[in-house]
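One structure below.
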Amino acid sequence: MDVRQTLHDLVASAILAAFGDTISPEDASALAIVEMPRDQAHGDLATSACLKLARPLRRNPIDIADSLTMYMEGVAKVELPGLLDDIEVVAPGFVNFHLGLAFFRELLKTISKGGYGSSEIGAGTRINLEFVSTNPTGPLTVAHGRQAAVGDALAHILEHAGYEVSREYYLNDTGGQIRMLGASVYSHYAEAAGGEYPLPENGYKGEYIDEIGRELFEKEGDALLSLPEDAAIEQVGRHAVDKIVAWIKADLEAFRVRYDTWFSQKTFEESGEVAALMERLRRMDLVYEKDGAVWMKVSEYGDEKDRVVVKSDGSYTYRTPDIAYHENKFARGFDSLIDLLGPDHHGHIITMEAAMKALSHPVENFHGLIVQFCSLWRGEEKLKMSTRAGQFVTLREVCDEVGIDATRYFFTARKTDAPLEFDLELAKRQSMDNPVYYIQYMSARLSGVIETAGRDERFAGEIHDGLFLPGEIDLSPLGAEEEPVLRMILALPSVIEKSAQALEPHRLCGWLYDLACLFHHYYAHCRFVSQDAAASRARLYMASALKVLLTETLALIGVSAPEKM
RNA sequence: GCGCCCGUAGCUCAAUUGGAUAGAGUAGUGGGCUUCGAACCCAAAGGUUGCAGGUCCGAGUCCUGCCGGGCGCGCCA
């Protein structure tokens, strides 16, 4: 069992033993939070439960801590031999736990088996994670790239925390934008085919529009010109969507992002579920007519005002199928829905929350998450972007220029609700300015160490698949020098849990960086392979276990762990 | 005008959902490769956490009010 859980239970039982007459078991459990202090001097793990107990008990926190500690020392001696070196009480009332070295050595054996850092906090919860979901009217840009990186990392982290996650892309493949796309491409097609059709006023610009139009002419000749314009535009639009969706899928795959479901809005609308939702809203008295349109009473559920769901011309607004779509997700059995959206959609999130509430889904089961804009820089120069004007830098271009690993790391490392300044020059620079290489350098060094040991006859026979992990190993040579690295490993499960619960994948990047920092310090001061065979064996075991851990954890954010750089 | 987000070292960002002395990188300064990869390490320096109050044993974090920036406020998506 996880140490934090063990100590949490110990603290909780101590609270009950000493103050069970006034504190309920539920409160004791809630208060017995055990965390890693920032400063190692404050122990490996610590609890502030006594400070929180001081008020309800109307007693001095130090006194409380003393009585809990006395109880815990007695229990630990009998039931948890070797786990704790010391329990200390420190003003103003913290209780600090110091773990024994034997515990840390065992930790290495645990991580060498793989799967370390996972937990069960999400067990039994099915999450639908929708991200990117950009209109298929153009290639993926860097802005979408950030959503892709954050969404995929979040999905991995949630899975690591025990949730069952389904990744979903909502394909907005019908409606006004698609018609506009069709008209824009048709204009280029007509030109190539010797006909004429003006580019719509707010039409899509950009070379790819022209490219699709010309290609279509090469394939179909001028056949489409003989169709009525409406029919031709619709057909061209469908063709363009297919083409662009294929680009998007290929770009995402290259970016190491895969989906479980591509959900077509067009197919969905044709299924009749949107109409069924409207019927339900009427039955529930959640809509009314005004000015020839149908409005939903979302203002009663937290939105600023009521919103139109059916326009006066009889067509739906964009939010109507979207509400039905979210209903559909719940109907498919998901307990919780997460949407990643751009900052220009936060009004929509509030409407969706209200709509979900109106349809009696608890608000905590719907999370609309804003992924802030990403502005691109090339050194001092800020690059201007606008999809509509055809001025943008695609995700693929960025990946080609700076590499997938660096791109994914940069996108994930920042808090998602904060704008991101992405400097191509910096991301590309293979120097110490660049955190992703700093972390990957740890991987390369670990591989180098094991490679060196492979040329040493004392160890060569026990290295398999680049790892030295013999079944029998004496780790007692590992001591104080290794402890900072081992301590950092101890923190991973709580980092994963907190990233998952707060939906903040950037925390994991911070942990990876901190781990690499401690490792490089260790590497600069201690040799893995030396004359001392016993010490070398123990350290090689540690190197191998770390390599397993690092590779797995980098994979959660879609970054590779190279053997050479 | 209303709503949401942001404001931390010169710059780019952290800070374990209210914990202990606010930390990294970068730029600049000084030092370290005869041994596993120097894409690294070590040292010093850098701060009134936008401002002012409040709650609390404890506030960068929570509440109120200002200042400054971004986004949204459509029968567009």
Side-chain angles (χ1 to χ4, degrees), chain A residues 33 35-39 41-42 46-48 51-52 54-55 60-61 90-94 96 134-135 137 172 175-178 180 202 290-295 303-305 307-319 322 342-350 370 372-373 413-415 417-421 423 426 429-438 440-442 444-453 455-456 491 494-495 497-499 501-502 504 506-507 509-511 513-514 516-517 519-531 536 539-540 543 564-565:
Chain A
I33 296 166
E35 288 180 318
M36 273 192 71
R38 267 203 285 261
D39 188 342
H42 298 132
T47 183
S48 59
L51 289 160
K52 298 184 168 87
R55 179 176 287 266
N60 183 328
V90 178
F94 291 100
N96 300 337
T134 175
N135 290 353
T137 54
N172 196 318
Q177 300 298 318
I178 299 304
M180 183 65 83
N202 285 319
K290 194 182 92 183
D291 304 332
V294 180
W295 299 67
D303 203 349
E304 281 173 57
K305 49 186 165 187
R307 306 286 177 181
V308 171
V309 284
V310 182
K311 298 185 237 176
S312 50
D313 69 1
S315 64
Y316 298 127
T317 60
Y318 75 99
R319 59 176 75 91
D322 209 24
D344 48 337
H345 286 76
H346 72 233
H348 182 51
I349 289 179
I350 293 167
I370 297 294
Q372 269 289 351
F373 281 131
R414 204 121 308 165
K415 245 188 314 208
D417 55 359
L420 167 64
E421 312 265 320
D423 185 347
L426 174 62
R429 213 176 303 157
Q430 302 198 359
S431 73
M432 48 177 125
D433 317 356
N434 197 328
V436 69
Y437 293 114
Y438 185 82
Q440 289 186 313
Y441 191 46
M442 171 178 173
R445 278 182 150 177
L446 286 169
S447 302
V449 163
I450 297 166
E451 200 181 299
T452 302
R455 289 191 295 268
D456 190 321
S494 68
V495 171
E497 281 181 16
K498 282 173 178 161
S499 295
Q501 283 168 335
E504 291 183 345
H506 77 278
R507 292 163 182 260
C509 295
W511 180 85
Y513 190 87
D514 291 343
C517 181
F519 170 79
H520 289 310
H521 174 88
Y522 176 81
Y523 186 92
H525 295 90
C526 301
R527 286 192 58 81
F528 280 87
V529 183
S530 67
Q531 297 304 313
S536 299
R539 287 177 169 180
L540 280 169
K564 294 190 188 311
M565 293 172 67

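Proteins get letters first, then strands, A, B, ... in listed order; numbering begins at 1 in each. Values below: every heavy atom of this structure, side chains too, minus hydrogens, waters and symmetry copies.
Note on A/His348: nothing from the nucleic acid sits closer than 4.0 angstrom, heavy atoms only. When heavy atoms are screened at a 4.0 angstrom cut-off, A/Arg527 is found touching base atoms of the nucleic acid. Residue contacts for A/Lys415: at a heavy-atom cut-off of 4.0 Å it reaches the sugar-phosphate backbone alone, with no base atom in range. Within the 4.0 angstrom heavy-atom criterion, only backbone atoms of the sugar-phosphate kind lie near A/Arg507; the bases stay farther away. If you check every strand for non-hydrogen atoms under 4.0 Å, A/Cys526 touches a base. Among the heavy atoms of the strands, none lies under 4.0 Å from A/Ser494. Among the protein residues, A/Arg55 comes within range of the sugar-phosphate backbone only, with heavy atoms under 4.0 Å from sugar or phosphate atoms but none that close to a base. A/His521 comes within 4.0 angstrom of the backbone, heavy atoms only, and of no base. At the heavy-atom level, A/Ala54 lies nowhere under 4.0 Å from the strands shown. No contact: A/Ala418 has no heavy atom under 4.0 Å from any strand. Nucleic acid contact class of A/Ala413 (heavy atoms, under 4.0 Å, all strands): none. Residue A/Asp322 is classed as having no contact, given no heavy-atom separation below 4.0 Å to the nucleic acid. Using a 4.0 Å heavy-atom distance criterion, A/Pro343 is classed as a sugar-phosphate-only contact. The residue A/Pro419 sits close only to the backbone: its heavy atoms come under 4.0 Å of sugar-phosphate atoms, none of a base.
When the nucleotides B/A77, B/C36, B/U12 are ranked by their closest atom to the side chain of A/Asn172, B/A77 comes out on top. The side chain of A/Lys52 lies closest to B/G19, out of B/G19, B/G37, B/C40. Which of B/C41, B/C5, B/C57 sits closest to the side chain of A/Leu51 comes down to B/C57. Among the nucleotides B/C41, B/G37, B/A20, the one closest to any side-chain atom of A/His525 is B/C41. In this structure, the nucleotide among B/G19, B/G37, B/C75 sitting nearest to the side chain of A/Val308 is B/C75. Each of B/A77, B/A39, B/C41 was ranked by its minimum atom distance to the side chain of A/Ala524; first place goes to B/C41.
An OP1 or OP2 oxygen of B/C76 is reached within less than 4.0 angstrom by a side-chain nitrogen or oxygen of A/Lys311. Contact annotation: A/Ser536 side-chain N/O to B/C36 OP1/OP2 distance is not under 4.0 Å. Listed pair A/Tyr438 / B/C41 meets the phosphate criterion, a side-chain N or O lying under 4.0 Å from OP1 or OP2. Contact between the side-chain N/O atoms of A/Arg38 and the OP1/OP2 oxygens of B/G23 is not found at any separation under 4.0 Å. Phosphate contact (OP1/OP2 of B/A15, side-chain N/O of A/His506, threshold under 4.0 Å): present. A sub-4.0 Å separation between OP1 or OP2 of B/A38 and a side-chain N or O of A/Arg445 is present. Within the structure, a side-chain polar atom (N or O) of A/Lys305 is placed less than 4.0 Å from OP1 or OP2 of B/G74.
Using N1 to N3 plus N6-O4 or O6-N4 for Watson-Crick, or N1-O2 and O6-N3 for G-U wobble, each under 3.5 Å, B/A24 pairs with B/U12. Nucleotide B/U61 is matched to nothing when pairs are restricted to Watson-Crick or G-U wobble geometry with both distances under 3.5 angstrom. Using N1 to N3 plus N6-O4 or O6-N4 for Watson-Crick, or N1-O2 and O6-N3 for G-U wobble, each under 3.5 Å, B/C76 pairs with nothing. Pair assignment for B/U29: B/A43, on the basis of Watson-Crick or G-U wobble contacts that are both within less than 3.5 Å. B/U55 makes up no base pair with any nucleotide shown, lacking Watson-Crick or G-U wobble contacts both under 3.5 Å. Base pairing analysis places B/G7 opposite B/C67; the two distances defining the Watson-Crick or G-U wobble pair are each below 3.5 Å.
Straight-line distance between the P atoms of B/A27 and B/A52: roughly 34 Å, to the nearest whole Å. Nucleotides B/U8 and B/C2 place their P atoms 25 Å apart, quoted to the nearest Å. A distance of about 12 Å separates the C1' atoms of B/G50 and B/G60, rounded to the whole Å. The separation of B/G54 from B/G58, taken at their P atoms, amounts to 13 Å, rounded to a whole angstrom. For the C1' atoms, the distance from B/U64 to B/U55 is 11 Å, rounded to whole Å. Comparing the same atom, P, in B/A20 and in B/C33 gives a spacing of 39 Å after rounding to whole Å. Using C1' as the reference atom, B/G74 and B/G7 are 31 Å apart when rounded to the nearest Å. B/A22 and B/G47 have their C1' atoms separated by 9 Å, with the value rounded to a whole Å.
Between the A/Asp291 side chain and the A/Ala293 main chain, no donor and acceptor come within less than 3.5 Å of each other. For A/Thr317 (side chain) and A/Val310 (main-chain N/O), no donor-acceptor pair under 3.5 Å exists by modelled atom type. Using modelled atom types, no side-chain atom of A/Ser530 and backbone atom of A/Arg527 make a donor-acceptor pair closer than 3.5 Å. Checking side-chain atoms of A/His345 against main-chain N and O of A/Ile370 turns up no donor-acceptor pair under 3.5 Å.
In this entry the distance linking CG of A/Asp344 with P of B/G70 reads 16 Å, nearest Å. If you measure from atom CD of A/Gln372 to atom P of B/G69, you get 17 Å, rounded to the nearest angstrom. In this structure, the CD atom of A/Glu304 is 8 Å from the C1' atom of B/G72, given to the nearest Å. As a whole-Å value, the separation of A/Arg414 CZ from B/A14 P is 6 Å. For the pair A/Arg319 CZ and B/C76 P, the computed distance is 9 Å after rounding to whole Å. Nucleotide B/C71 holds its C1' atom 9 Å from the CD1 atom of A/Ile370, rounded to whole Å. When rounded to the nearest whole Å, the span between OH of A/Tyr513 and P of B/C40 equals 8 Å. In this structure, the CD1 atom of A/Ile33 is 10 Å from the P atom of B/G18, given to the nearest Å.
A donor-acceptor contact under 3.5 Å links the side chain of A/Asn96 to the base of B/A20. In the interface, the side chain of A/His346 is paired with the base of B/G3 through a donor and an acceptor atom under 3.5 Å apart. Between the side chain of A/Ser312 and the base of B/C75, at least one donor-acceptor pair of N or O atoms lies under 3.5 Å. If you check distances only, the side chain of A/Tyr441 never reaches the base of B/A39 with a donor-acceptor pair under 3.5 Å.
Looking at A/Lys311 and A/Tyr316, their side chains never come closer than 4.5 Å, going by heavy atoms from C-beta outward. Counting heavy atoms from C-beta on, the side chains of A/Lys290 and A/Val308 never come closer than 4.5 Å. Counting only heavy atoms from C-beta outward, the side chains of A/His42 and A/Phe94 never approach each other to under 4.5 Å. Counting heavy atoms from C-beta on, the side chains of A/Phe528 and A/Arg445 never come closer than 4.5 Å. In this structure the side chain of A/Tyr441 reaches within 4.5 angstrom of the side chain of A/Met565, judged on heavy atoms.
In this entry the base of B/C6 is anti relative to its sugar, with a glycosidic angle more than 90° from 0.
Between the side chains of A/Ser315 and A/Asp313, at least one donor N or O lies within less than 3.5 Å of an accepting N or O.
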